[in-house]
Visitor: 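Next up is a structure, given as C-alpha cells.
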Amino acid sequence: MALTHVGTHPPVSGVSGWVARWAGSIVPGGTVLDLACGSGRHARRLAALGYRVEAVDVDASCLTALARTPGILTRCLDLEGEAWPYQDVLFDAIVVTNYLHRPLLPKIAAALAPGAVLIYETFRTGNESYGKPSSPAFLLHPGELLAFAHQAGLLVTAFEDGFSANPKPSMLQRLCAVKPPLLSPERGRLE
Ligand SMILES: C[S@@+](CC[C@H](N)C(=O)[O-])C[C@H]1O[C@@H](n2cnc3c(N)ncnc32)[C@H](O)[C@@H]1O
C-alpha cells in the first residue's frame, strides 16, 4: 500500500502537536469543550493558555484530579449512551483527540459558535497495521473528517490524512476547521 505521509507535528510535552499548533487560533479567553478528554492533557494545556475548558469523559477516575485544575470544569458523561447536554450551548472551540463516535459529529458542529474552531485528530483506516485501535468503528474512512466539515458548512483551515510517525507510527486524520463568522447584513461586515 502506498502511504501518504502527513505533516510532522511532534507532541509538545505530551500534548498533540496538532492541538498545540492550532490552539492559538481560538479566541483569547474563549470557551473550549474537550470531548473524551482522558487524563486531560489538552484540557490542562488549554486552561494554562487562559481558555475556560469543559472536559468530558465517561471515566470518572480521569476527572478527579482534573476537576481541581483552575479553569477546568469537568463533566462525567457517557457520550454514546446519555443525552447530549450541549443542545443550547456554544463553544469557541471543540477539541477531540483519539476518540470517534460518528453520531456525535453533527452535534459537535452545532455546538460551535460563529468563528469557533474545531480541532480533531484521530485514527483512520490502515491503523490496524500498526496497532490499536483497529476496529472499523473507531477508524475514520479516508477523507471522512474533510467530508464532514464540508457538509457541516465549516471552513477547513488544515487537513491531513495518512501515515504519521508522531507520536508513534500510526494512520491518522487531522482537521482544523472554523465555523463561519456571522455576517451582519445591517453593517455588511463580519462580526
Ligand atoms: C484514547 S483515550 C483519548 C483521551 C484524550 N482525548 C487524549 O487524546 O489524550 C479515549 C477516551 O475516550 C473516553 N471514552 C470512551 N468512550 C466514551 C464515552 N462513551 N463517553 C465519554 N468518553 C468516552 C475514554 O474514557 C478515554 O478517556
Side-chain angles (χ1 to χ4, degrees), residues 6 9 11-12 14-26 30-47 49 51-59 62-63 66 72-82 84-87 89-113 116-125 127 132-133 135-141 143-161 164 166-167 170-179:
V6 299
H9 307 281
V12 183
V15 174
S16 153
W18 189 252
V19 174
R21 178 174 173 189
W22 295 111
S25 60
I26 306 168
T31 55
V32 182
L33 179 62
D34 182 356
L35 284 178
C37 63
S39 63
R41 60 189 177 130
H42 297 130
R44 287 176 210 276
R45 171 56 62 92
L46 292 162
L49 290 172
Y51 298 110
R52 291 166 288 146
V53 181
E54 177 145 338
V56 177
D57 204 282
V58 71
D59 184 348
C62 294
L63 302 176
L66 209 50
I72 299 181
L73 186 72
T74 59
R75 186 193 287 262
C76 188
L77 178 74
D78 180 356
L79 289 162
E80 298 164 30
E82 294 182 73
W84 176 250
Y86 305 113
Q87 202 71 36
V89 186
L90 296 177
F91 292 91
D92 295 310
I94 300 180
V95 172
V96 191
T97 58
N98 299 349
Y99 177 74
L100 177 65
H101 180 56
R102 289 186 168 87
L104 290 181
L105 291 174
K107 295 173 182 172
I108 290 171
L112 292 166
V117 183
L118 173 61
I119 303 172
Y120 209 128
E121 177 182 65
T122 197
F123 301 92
R124 54 151 283 167
T125 54
N127 194 66
K132 301 273 185 186
S135 161
F138 302 138
L139 301 177
L140 289 159
H141 307 303
E144 186 173 351
L145 282 182
L146 187 62
F148 152 68
H150 286 151
Q151 192 184 11
L154 305 180
L155 307 171
V156 175
T157 310
F159 176 72
E160 296 189 348
D161 194 5
S164 177
N166 283 299
S170 51
M171 293 292 280
L172 289 178
Q173 207 165 105
R174 299 172 169 133
L175 174 81
C176 179
V178 175
K179 183 85 151 263

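Nothing fancy with the numbering, it's 1 onward along the sequence.
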Visitor: Please answer whether the main-chain N or O of Leu175 pairs with a side-chain N or O of Trp18 as donor and acceptor at a distance below 3.5 Å.
Guide: yes

Visitor: When you measure from the side chain of Asn127 to the backbone of Pro133, do you find a donor-acceptor pair of N or O atoms at a distance under 3.5 Å?
Guide: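 Between the backbone of Pro133 and the side chain of Asn127 there is a qualifying donor-acceptor contact (under 3.5 Å).
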
Visitor: Just wondering, do Val89 and Trp84 contact through their side chains at under 4.5 Å, heavy atoms?
Guide: no

Visitor: Identify the heavy atoms of Ala109 and Ala152 that sit nearest to each other, and give their distance.
Guide: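 Closest approach of Ala109 to Ala152: CB-CB, 3.8 Å.
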
Visitor: Backbone N or O of Gly143 within a donor-acceptor pair of the Asp161 side chain at under 3.5 Å?
Guide: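 Yes, because the side chain of Asp161 sits within donor-acceptor range (under 3.5 Å) of the backbone of Gly143.
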
Visitor: Could you walk me through whether Tyr51 and Asp92 pass the side chain to side chain contact (heavy atoms under 4.5 Å, CB included) check?
Guide: CA-CA 9 Å; Tyr51 298 110; Asp92 295 310; over 6 Å; no

Visitor: Once you round to the nearest 0.5 Å, how far does CG of Leu104 lie from CD of Glu80?
Guide: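 Those atoms lie 7.0 Å apart.
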
Visitor: Enter the distance from Thr157:OG1 to Leu118:CG here, rounded to the nearest 0.5 Å.
Guide: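 Answer rounded to 0.5 Å: 9.5 Å.
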
Visitor: NZ/Lys179 to CG/Leu155 distance, rounded to the nearest 0.5 angstrom?
Guide: 10.5 Å

Visitor: Would you say the side chain of Ile26 lies within less than 4.5 Å of the side chain of Leu46, judging by non-hydrogen atoms?
Guide: yes

Visitor: Of the non-hydrogen atoms in Arg102 and Ala137, which two are nearest, and what is the gap between them?
Guide: NH1-O, 3.3 Å

Visitor: Given ring pair (Phe, Tyr, Trp, His ring centres under 6.0 Å), test Phe91 with Tyr86 step by step and report yes or no.
Guide: CA-CA 9 Å; Phe91 292 91; Tyr86 305 113; 5.3 Å; yes

Visitor: Any chance you could lay out the side chain to side chain contact (heavy atoms under 4.5 Å, CB included) test for Val53 and Leu73, step after step, and finish with the verdict?
Guide: CA-CA 6 Å; Val53 181; Leu73 186 72; over 6 Å; no

Visitor: Taking atom types as modelled, find out whether Arg174 and Ser164 have a side-chain donor-acceptor pair closer than 3.5 angstrom.
Guide: yes

Visitor: Less than 4.5 Å apart, side chain to side chain, heavy atoms only: is that true for Ile94 and Ile119?
Guide: no

Visitor: About how many Å separate CG of Leu139 and OG of Ser135, when rounded to the nearest 0.5 Å?
Guide: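 Spacing of OG (Ser135) from CG (Leu139) equals 6.5 Å.
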
Visitor: Quick one: do Glu144 and Arg124 make a salt bridge, cutoff under 4.0 Å?
Guide: no

Visitor: Can a side-chain donor-acceptor contact be found between Ser16 and Glu121 if the only test is distance below 3.5 angstrom?
Guide: yes

Visitor: What pair of heavy atoms forms the shortest contact from Ala110 to Leu90, and how long is it?
Guide: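 Nearest heavy atoms, Ala110 then Leu90: O-CD2, 3.4 Å.
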
Visitor: Leu33 versus Val95: any side-chain heavy-atom pair under 4.5 Å?
Guide: no

Visitor: How many angstroms lie between atom CG of Asp34 and atom CZ of Arg44, to the nearest 0.5 angstrom?
Guide: 11.0 Å

Visitor: Only one of Leu154, Leu140, Val156 clears side-chain contact (heavy atoms from CB on, under 4.5 Å) with Leu145; which?
Guide: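 Single pass found, and it is Leu140.
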
Visitor: For residues Ala43 and Ala55, report the shortest heavy-atom separation together with the two atoms involved.
Guide: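 Result for this residue pair: CB-CB, 4.0 Å.
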
Visitor: Can you tell me how far CG of Leu77 sits from CD of Glu54, rounded to the nearest 0.5 angstrom?
Guide: 9.0 Å

Visitor: Check the surroundings of atom CZ in Phe159: do more than 12 heavy atoms from other residues, nucleotides or ligands lie under 6.0 Å from it?
Guide: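 Counting neighbours around CZ of Phe159, more than 12 heavy atoms of other residues, nucleotides or ligands fall under 6.0 Å, so yes.
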
Visitor: Dump the intermediate steps for side chain to side chain contact (heavy atoms under 4.5 Å, CB included) on Cys37 and His42, then the final yes or no.
Guide: CA-CA 7 Å; Cys37 63; His42 297 130; over 6 Å; no

Visitor: Write down the atom of Ala47, the atom of Ile72, and the distance for their closest heavy-atom approach.
Guide: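 That closest heavy-atom pairing would be CB-CG1, 3.7 Å.
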
Visitor: Taking all atoms of both residues into account, what is the closest heavy-atom pair of Phe148 and Pro106, and its distance?
Guide: CE1-N, 4.2 Å

Visitor: Run the side chain to side chain contact (heavy atoms under 4.5 Å, CB included) check on Thr122 and Thr97 step by step: do they pass?
Guide: CA-CA 5 Å; Thr122 197; Thr97 58; over 6 Å; no

Visitor: Ignoring hydrogens and angles, tell me if any N or O in the side chain of Glu160 forms a donor-acceptor pair with the backbone of Leu172 under 3.5 Å.
Guide: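 No; judged by distance alone, with no hydrogens or angles, the pair does not exist.
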
